[in-house]
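Down below is the structure, laid out as structure tokens.
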Amino acid sequence: MNTTLEKSMADDNKLVIFDTTLRDGEQSPGASMTKAEKLRIAKSLEKMKVDVIEAGFAIASPGDFEAVKGIADTIMDSRICSLARALDKDIDRAAEALAGANASRIHTFIATSPIHMKYKLQMEADAVIEQAVRAVKRARSHTEDVEFSCEDAGRSEIDFLCRIIEAAINAGASTINIPDTVGYAIPEQFGQTIKTLIERIPNSDKAIFSVHCHNDLGLAVANSLSAVSHGARQVECTINGLGERAGNASLEEVVMAVRTRSDLFKVSTGIDTSQIVPASKLVSTITGFPVQPNKAIVGANAFAHESGIHQDGVLKHRETYEIMKAEDVGWHANSLVLGKHSGRNAFRTRIEELGISLESETELNRAFAAFKDLADKKHEIFDEDLHALLSNTRNVEADEIYKLVCLSVCSETGVTPLARVTLLVNGEELSAESEGGGPVDATYRAIEKLAGSGVNLQLYSVNAITSGTDSQGEVTVRLEKGGRIVNGLGADTDIVIASAKAYLDALNLMGLNDKKAHPQGDV
Ligand code: KIV
Ligand code: ZN
């Protein structure tokens, strides 16, 4: 047991930050991550001093199990949690994945709203309480730290919540989570619910009350903060607000709100806020979900003052228009890290500092070769470039079906663009050419002549990774087929090549057989 963690979590004014980027965040359509990518994110969360990392839903698939296990075996300073439905098999699988953790938590849940109990669970209220109690006891037989969630608490009856929560605490749950699963709550009302539960449940002092808010009405952060004002001492949140549908409460907004308005919130988090922007960029690069420029805290414009009056004010006295310092959340930490002449050791050291571990010398050699290639085209290599470069190694672990050998595109004023592409398809070299509306369209058509995948392109976006015209372009494509959605990523100083890489990355992911159970599906 990690005593530092235990002590800090027991402090009345401590707001426990429970990050679920790797579990609920991964439930965003197309945001699935590999084990290595999850590990990189877990390391950055640990560096940020997140208290609890929900690493996944161990029973969902062998891949999810391995990811939770890998994180549990590696991360030392944050508590590692796995989600489990209120079923013995889920709880035992979670415990197995968490066995190597320094500090672990099993998070078990069952739905408590009339609509979920009637239609999804098809269970009577008493049977739901019985199953919850059994689940908490089973989880306690594996670990001392058990969290119990009332799924769809936002639409549950308060009397029933009081009954089931009292029973769960008696059974040994030390954290009680109140999720607004469908994002239905309104701040004042949600805060009052938390207050009522804490006041009415006789053993409420034996547990930390937590909230987990979804953003369907854009109120996830506001609801979470209202809950904190009314006694909640854990907030479940995600980097960049990633998560099922409209997402979860964003970690960076919750953390910076309680810190900036410490006059109102009598709590503090243990978060190292300078790690917020690097973590946001990492999550965005890995998932392919770009951060909107006007997103609070981590958007590119969050600290940019356009109007002359504002600029003048900030120059005269920063606080005229700024309530937070950009550097406090990790902006401007961007230093030139490596260049053309950097050697293998410098490269290895820097990627280790970024929390990226390469599993073998072969992988390091491959990454170093890609770095040298990039350094030839782009003289200044920033951390963001390294993250993008390393993200491309996911292709290697993904058992590629398609590999880009060469691409040539003719794009000229007044002439229809033409792309010629050569791919390795399951090891066989094949070429095709196609015209298109633009160079990217022509490239994708040529690829499809070889792949014949039948996928639908749902999203295509390109972002400059750093500033300057020599920046790498990072392309995200979202492909759909038969209801399955995957995001592909590609980065290159040539955006047409980046586009081809992203499309092939997505096709390769589409080919993977990684069907997994959804935690909130049928029990
Ligand atoms: O939104 C939700 O209810 C959840 C639970 C499983 C905590 O994600
Ligand atoms: Zn959720």
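Note that the numbering runs from 1 along the sequence shown for the chain. Just so you know, these numbers come straight off a predicted model, no measurement behind them.
At distances below 3.5 Å, at least one donor-acceptor pair connects side-chain atoms of Asp505 with backbone N or O atoms of Leu489. Between the side chain of Ser284 and the backbone N or O of Phe289 there is at least one donor-acceptor pair closer than 3.5 Å.
Using a 3.5 Å distance cut-off with no hydrogens or angles, the side chains of Asn177 and Ser149 do pair a donor with an acceptor. In this structure, a donor-acceptor pair under 3.5 Å is present between the side chains of Asn456 and Glu480.
The only option from Tyr402, Tyr444, Tyr460 that meets the ring pair (Phe, Tyr, Trp, His ring centres under 6.0 Å) definition with Tyr503 turns out to be Tyr444. Applying the side chain to side chain contact (heavy atoms under 4.5 Å, CB included) test between Val283 and each of Val291, Ile239, Thr238 identifies Ile239 as the sole match.
Counting heavy atoms of neighbouring residues, nucleotides and ligands inside a 6.0 Å radius, atom NZ of Lys325 does not exceed 12 of them.
Within the cation-pi definition used here (under 6.0 Å to the ring centroid, within 45° of the axis), Arg79 does not qualify as a partner of Phe18.
Note on Arg259 versus Asp328: salt bridge recorded, some NZ/NE/NH1/NH2 to OD/OE distance being below 4.0 Å. Classification of Asp383 and Lys281 as a salt-bridged pair fails, no side-chain N sitting under 4.0 Å from a carboxylate O.
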### Query
Would Asp441 and Arg445 count as a salt bridge (Lys or Arg N to Asp or Glu O under 4.0 Å) if you check the C-alpha gap in whole Å, the side-chain angles of each, and the deciding distance to 0.1 Å?
CA-CA 6 Å; Asp441 184 46; Arg445 285 171 189 272; 3.0 Å; yes
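Among pairs with a residue in residues 245-258, those fulfilling salt bridge (Lys or Arg N to Asp or Glu O under 4.0 Å) read Asp216-Arg245, Glu252-Lys295, Glu253-Lys295, at least two apart in sequence or across chains.
Between Phe368 and Phe347, the ring planes are tilted. Angles from 30° to 60° get that label.
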